[in-house]
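Notes for the one structure printed next.
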Amino acid sequence: LKLQFLYLIGGEAMPAMRPSPMTRQRRAGVRGVQRTLFCCLGVFVALFVVALVFEGAAFERMLKRAKAEADLEEEDGTVQVDVRYTNAQYKAFEDDFARWVTHDNEALAPLIAAKKFRKVVEVPRYQESDLSFETFYKEFELKGEPVVIENVPIGGPKWTRERIGKICGDAPVAPLIPTDHAGTDWGNLQAQDKTSVTNFLKTLEDKSRKGSSSPYMHDWPIHKHCPRLLENYTVPKYFVQDYLGGLPVADKGYFTTSTSYPFRTSWPSLFIGENSTGSGLHIDSSHTHFVMHMISGVKEFKFIGRHDRVIAYENRDAGTFYSDLFNPNFTAHPTLALATVHTTKLRDGDLLFIPGGTAHQVVNHSPILSISTNFADASNIDRVLMEMDASFQYGVADSLRKHIDAGAVQTRMDPEPMLFSKLKEQQRRPL
C-alpha cells in the first residue's frame, strides 16, 4: 500500500509485482478446484434438466383417460380418437378412484351385518341379430359397460373335445390347478408340468380328480399351438378392428425397448374345464377388453368395475386380488361390501364382453368349452398405452403409437364378421 501511494503521488503506474512460486502454485490449485466445482455444477444442472425432460415425458404418458368419447369426432361413419394426454383427463381419472377413499364408512356397517354387496346387477343381454355394431360400440365399449350377446355363430364345424383332441392332440399344454395363495398367484391358479392335449383330455376323464382340483386348460393360445383349429373360425363383427393384431410377433423381452407384443399370438385362446373349476378375481393385461365366447357348458362370471378396484384389496404386483366375489369375507375385506357386482351365467352361444380394467372371477358349473380373446380398439387404446407405459413396455407402446400416427385409430360403424385367417392377413401390414 505504501508503494502504491508513493507511485500515485509521483503520477506513475505501479509496476506489476511477480508473485512468488508458492503463491502461484496455491492460486493454481484454487483455480483447479474452482474449475472442478464449476464442471460438477454444470454436469448436475445438465442432468437435472435431462431428468426434468424425461420425468415430464413419463408423466405425460401417464396422463391418459379411459373415456375416449371425450375426444371423439364423427364424420362420414368413421370415429377417430385423439390420444393426446391432458391434465384434466388424468385428474378426472384420479377423482373416480378417490370417491371410494372419501366414502362414509358408516355405510359399511349394515352391509357387513347383512353379508351382502351394496348392489348386484345382472349383465344386460341382446340377441346378436338385434345389436348393431354402432350400438355396441357407443353404449357398451365407450361407456365401459358389460354386455352378453346371444346366439353368436362361431363358424366352421362344431367345436368338441373330441375334435380338438384329434386336431391338436400332440400340442403342448400346461394345465392349471387352483392354489391356496389367494392374492399372490394370478387368478389363484398355478401351472402344472407340461403335457400333450391328448393326455390332458384323458386326465379329465379321471373320476378321482373331478371338481375344483381337476386340471384346467385356461387361456391356451390356439393360434400359437394349434392354428389348424382356427381355419374356419369366424371373428364376430364387434371385434375385427383390433389394433394389437398389427404389432410384431413377440421375439424377446416383455419390457423396455422391445417392439414385440408378448401376447400377440395368445388370442384367441381356449378354455376346457370340469365342473367347479374356474379362476380367482383378476384383471387382464394392459387394460385390454376381454371377450368370452361360450361353445358349450355353463360358466358364471362375477366382476366389479374399474371404479371399485380401490376397495377390492388388489395386489397390483400380481394383477390379482385377495378378495373373493363368490365367497366374500366381509370381516377380512370390509370395503368390498361397497362394490357394485355384475353377474351373469353364460350358456351355449353366449358371448360376454367385459371392458378393459374390469376385475372378474369365474366358476364353471358344468364341463365347459369356450374361446376368449383380448383386444384394443379406438374405445380403449388410450388406456392401453397408459398401462404399457406404466409397466415399461415402451417399445410396444411406441409401435402402437406409430400405428396410430398412420391413421389406424379409426372405427367403421358397419364392420362385418371375418374369417380369422383373413383377419390375420389384413393385419400383417408394416407399421
Side-chain angles (χ1 to χ4, degrees), residues 68-69 72-81 123-159 222-223 227-247 263-270 288-295 346 348-356 370-381 384 400 403-404 406-431:
E69 66 268 27
L72 288 181
E73 292 181 4
E74 257 189 88
E75 185 176 352
D76 299 329
T78 299
V79 174
Q80 301 209 357
V81 177
V123 178
R125 288 176 167 266
Y126 287 80
Q127 288 289 326
E128 191 268 346
S129 57
D130 297 332
L131 184 63
S132 68
F133 173 82
E134 184 173 1
T135 300
F136 167 78
Y137 183 75
K138 293 182 178 179
E139 296 301 319
F140 298 103
E141 278 203 84
L142 289 180
K143 293 182 179 180
E145 296 292 334
V147 64
V148 174
I149 309 172
E150 299 177 343
N151 297 317
V152 179
I154 194 171
K158 183 176 176 60
W159 288 49
I222 307 173
H223 185 47
R228 278 186 57 203
L229 198 58
L230 295 169
E231 286 179 355
N232 297 296
Y233 172 61
T234 301
V235 180
K237 61 186 177 184
Y238 310 104
F239 319 117
V240 297
Q241 303 183 75
D242 174 28
Y243 304 132
L244 298 181
L247 291 174
F263 302 116
R264 170 68 173 77
T265 57
S266 294
W267 303 304
S269 60
L270 188 64
T288 52
H289 292 323
F290 170 75
V291 175
M292 178 64 74
H293 195 168
M294 205 70 193
I295 299 174
L346 301 184
D348 300 12
D350 287 347
L351 186 148
L352 171 64
F353 165 75
I354 297 181
S370 58
I371 300 176
S372 81
T373 192
N374 290 62
F375 70 100
D377 62 10
S379 68
N380 67 328
I381 190 66
V384 169
L400 265 179
H403 216 19
I404 292 167
V409 181
Q410 52 185 346
T411 300
R412 298 298 307 177
M413 292 293 108
D414 55 353
E416 294 293 332
M418 189 178 297
L419 282 174
F420 178 78
S421 56
K422 184 177 179 181
L423 179 62
K424 288 296 110 178
E425 288 297 326
Q426 176 179 296
Q427 291 174 336
R428 288 191 191 114
R429 58 183 182 276
L431 293 174

If every non-hydrogen atom of Pro415 is compared with every non-hydrogen atom of Gln241, which pair is closest and at what distance? CG-NE2, 3.7 Å
Measure the spacing between CD of Glu134 and CE of Met413 and express it to the nearest 0.5 Å. 6.0 Å
Measuring only between side-chain heavy atoms, which start at C-beta, is Trp159 closer than 4.5 Å to Leu229? yes
Nearest 0.5 Å, please: how far is OG in Ser370 from CG in Asp350? 11.5 Å
Centres of the Phe136 and Phe353 rings: under 6.0 Å? yes
Can you see which heavy atom on Val235 is nearest to which on Leu423, and at what distance? CG2-CD2, 4.0 Å
Looking at CZ of Arg125 and CG of Leu351, how far apart are the two atoms once the value is rounded to the nearest 0.5 Å? 11.0 Å
Checking the side chain of Asp242 only, and the main-chain atoms of Ala376 only, is there a donor and an acceptor separated by less than 3.5 Å? yes
What is the minimum heavy-atom distance between Ser379 and Glu141, and which atoms define it? OG-OE1, 2.9 Å
What is the ring orientation for Phe133 with Tyr137, classed by angle as parallel under 30°, tilted 30 to 60°, or perpendicular over 60°? parallel
Separation between CD1 of Ile381 and OH of Tyr243, rounded to the nearest 0.5 Å: 7.5 Å
Under the rule for side-chain hydrogen bond (donor to acceptor under 3.5 Å, both in side chains), what residues qualify as partners of Thr234, not counting sequence neighbours? none
In terms of side-chain heavy atoms, does Gln127 have a donor or acceptor partner in Asn151 at a distance below 3.5 Å? yes
Would you call Ile222 and Tyr233 a side-chain contact if the rule is heavy atoms closer than 4.5 Å? no
For Tyr238 together with Phe140, are the ring centres under 6.0 Å from each other? no
Given 3.5 Å as the limit, does a donor-acceptor pair link the side chain of His289 with the main chain of Asp377, or not? no
How far does OG of Ser269 sit from CE of Met292, to the nearest 0.5 angstrom? 7.0 Å
N/O donor-acceptor pair under 3.5 Å between Glu128 side chain and Pro153 backbone: no
Looking at CD1 of Ile371 and NE2 of His293, how far apart are the two atoms once the value is rounded to the nearest 0.5 Å? 7.0 Å
